[in-house]
*Asks:* 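Before anything else, here's the structure in question.
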Number of protein chains: 2
Amino acid sequence: MKDNDIDIIDKQLIKLLSQDGRMPAKELAQKLDVSAPTINSRMKALVKRGILKVAGLVDTFRTKNILVAIIAIRVDDVSKMAKIIDQLMEFKQVHWAVAVTGRYDIFAEVIVTEGIEWMFKFYADEMSKLDGVSHSESFMVTNTRRKWTLLPPDIQGWV
Amino acid sequence: MKDNDIDIIDKQLIKLLSQDGRMPAKELAQKLDVSAPTINSRMKALVKRGILKVAGLVDTFRTKNILVAIIAIRVDDVSKMAKIIDQLMEFKQVHWAVAVTGRYDIFAEVIVTEGIEWMFKFYADEMSKLDGVSHSESFMVTNTRRKWTLLPPDIQGWV
DNA sequence: GCTGAAAGTATCAAGTA
DNA sequence: TACTTGATACTTTCAGC
């Protein structure tokens, strides 16, 4: 099977798991009309191939002490984009970074667990290290709907 | 316990689940030094309170036929913001919508499963319905890092 | 929130297409 | 190579504390 070929059973499995990530393999098996071992081996294969991850998500607006900001970046040279995204991802608090078309080149989401003053520190200490950023803007998230957030693995100051 | 009070065990539980959402309750119990029934009751309580969700996530860049766009919106009247966010969330393909401070008022992420031409349709049919939008921009996501996406529950055209 | 027994579930090896 | 079956080992659940 080719690297990102997934069949209809995989897709349905992903869809069921996106509704309830802890649904037992037996129940998934019944719904998809295959055996439980098949579900488990497919699930493991999808995880191993980097297509699927089953994880606990939090609603950041019901969770004290978690702030979210979106940062928009323009680069001065498109060839530096990949490197900047890589550098952004190295910052523990960066939840995701994406390259986009349009007015900006990169969007990143930052999870702030150490108080709003940390944003200043992030700009002063980390953003300043990035080479090739011609402009950046930050947007603090003040309200949200149906936004489940996967906490970054190395999150600090929260637990 | 107040509505969004969560204690240290809840936080550690969320952190462990954010790494592996299918970790058995028994294993979680050992790591947190409590009993398995305690883990299960806490997990259920967190889900019921809307703080936690355990779900399957996909890497949209390893999954064919899934495109992602970010839409930025300015409103002409701040009092309309809540309503616009609500309307955005009603569109099946809108994965999340957030109110932000800064140049824009709202960011939303759209999951496109029916081909890039669907973006045109989304603008023509749906965005035009929104009252109070003074400006909007779209950004197609062309590359991403460590971005796990929870598929919207009503996603169509993919499965 | 814990303990222990009953019920249910996951996993492995073997076998089949 | 990918699936199913059935036995064994494990985990979850529920009542009682």
Side-chain angles (χ1 to χ4, degrees), chain A residues 1-59 62-65 148 150-151 153 158-159, chain B residues 1-59 61-66 148 150-151 153 158-159:
Chain A
M1 197 183 273
K2 245 190 90 244
D3 245 28
N4 34 355
D5 270 10
I6 60 176
D7 67 10
I8 186 84
I9 292 175
D10 287 334
K11 283 187 178 183
Q12 287 174 327
L13 177 56
I14 289 169
K15 197 172 176 182
L16 288 170
L17 286 171
S18 76
Q19 284 150 39
D20 177 5
R22 289 189 76 89
M23 190 180 286
K26 196 190 176 188
E27 197 178 335
L28 293 162
Q30 284 163 356
K31 284 186 202 285
L32 301 184
D33 222 8
V34 293
S35 72
T38 299
I39 292 293
N40 271 306
S41 66
R42 276 174 180 261
M43 202 154 44
K44 277 183 188 155
L46 286 169
V47 170
K48 197 174 177 186
R49 287 159 68 197
I51 294 169
L52 173 71
K53 179 186 175 82
V54 181
L57 311 170
V58 294
D59 180 340
R62 295 195 192 227
T63 318
K64 280 180 180 165
N65 308 323
W148 292 103
L150 173 62
L151 297 178
W158 190 60
V159 219
Chain B
M1 198 184 271
K2 249 192 87 241
D3 244 26
N4 35 356
D5 272 8
I6 60 176
D7 68 10
I8 186 84
I9 293 176
D10 287 334
K11 283 187 178 184
Q12 287 174 327
L13 177 56
I14 289 169
K15 196 173 177 183
L16 288 170
L17 286 171
S18 76
Q19 285 151 38
D20 178 6
R22 289 189 77 88
M23 190 180 287
K26 196 191 174 187
E27 198 178 333
L28 293 163
Q30 284 163 355
K31 284 185 201 285
L32 301 184
D33 221 7
V34 293
S35 73
T38 300
I39 292 293
N40 271 304
S41 65
R42 275 175 181 263
M43 203 156 40
K44 277 184 187 154
L46 287 169
V47 170
K48 198 173 176 187
R49 287 159 68 197
I51 293 168
L52 173 71
K53 179 185 175 83
V54 180
L57 311 171
V58 294
D59 180 338
F61 274 78
R62 295 195 192 225
T63 318
K64 281 181 179 165
N65 308 322
I66 295 185
W148 292 103
L150 173 61
L151 297 177
W158 189 61
V159 217

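Just the heavy atoms: all of them, side chains too, but no hydrogens, waters or symmetry mates, feed the values below. In what follows, every chain begins at residue 1, and chains take the letters A, B, ... in the order their sequences are listed.
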*Asks:* Check the pair B:D7, B:R42 against salt bridge (Lys or Arg N to Asp or Glu O under 4.0 Å), reporting the backbone distance first and the verdict last.
*Replies:* CA-CA 11 Å; B:D7 68 10; B:R42 275 175 181 263; 2.9 Å; yes
*Asks:* Mind listing the closest non-hydrogen atom pair of A:S35 and A:A29 along with its distance?
*Replies:* C-CB, 3.6 Å
*Asks:* I'd like a table of atom pairs between the protein and nucleotides 14-17 of chain C - only N or O on both sides, under 3.5 Å - with the distance next to each one.
*Replies:*
none

*Asks:* Which whole-number value in Å describes the distance from A:K44 NZ to D:dA2 P?
*Replies:*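 For the pair A:K44 NZ and D:dA2 P, the rounded distance is 16 Å.
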*Asks:* Rounded off to whole Å, could you give me the CD1-to-P distance for the B:I9 and C:dG1 pair?
*Replies:*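 Rounding to the nearest Å, CD1 of B:I9 and P of C:dG1 are 6 Å apart.
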*Asks:* Using OP1 and OP2 only, check whether a side-chain N or O of A:R42 sits under 4.0 Å from D:dA2.
*Replies:* no
*Asks:* Tell me which residues in residues 16-34 of chain A lie within less than 4.0 Å of DNA chain C, going by non-hydrogen atoms.
*Replies:*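 Output list: A:P24, A:A25, A:K26.
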*Asks:* Looking only at atom types and distance, does a side-chain atom of A:R22 sit under 3.5 Å from a main-chain N or O of B:V54, one as donor and one as acceptor?
*Replies:*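 Not confirmed, A:R22 side chain does not pair with B:V54 backbone.
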*Asks:* Would you indicate which nucleotide in D:dC14, D:dT12, D:dT5 comes nearest to any side-chain atom of B:P37?
*Replies:*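 My answer, after comparing the listed nucleotides, is D:dC14.
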*Asks:* Looking only at the side chain of A:T38 (C-beta and beyond, no hydrogens), which of the listed nucleotides D:dT4, D:dT13, C:dT11 gets closest?
*Replies:* D:dT4
*Asks:* Kindly indicate, with the supporting measurements, whether the criterion side-chain contact (heavy atoms from CB on, under 4.5 Å) is fulfilled by A:K15 and A:Q19.
*Replies:* CA-CA 7 Å; A:K15 197 172 176 182; A:Q19 284 150 39; 3.9 Å; yes
*Asks:* Just N and O in the side chain of A:N40: are any of them under 4.0 Å from OP1 or OP2 of C:dA10?
*Replies:* no
*Asks:* Does any non-hydrogen side-chain atom of B:L52 lie less than 4.5 Å from one of A:L57?
*Replies:* no
*Asks:* Looking only at non-hydrogen atoms, find the nearest pair between B:A25 and B:N40 and report the distance.
*Replies:* CB-ND2, 3.3 Å
*Asks:* Between D:dA2 atom C1' and A:D7 atom CG, what is the distance in whole Å?
*Replies:*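 Nearest whole value for this atom pair: 11 Å.
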*Asks:* Run the numbers on A:L28 and A:L17 for side-chain contact (heavy atoms from CB on, under 4.5 Å), then give the verdict.
*Replies:* CA-CA 9 Å; A:L28 293 162; A:L17 286 171; 4.0 Å; yes
*Asks:* Stepwise, does the side-chain contact (heavy atoms from CB on, under 4.5 Å) test hold for A:I6 with B:R62?
*Replies:* CA-CA 10 Å; A:I6 60 176; B:R62 295 195 192 225; over 6 Å; no
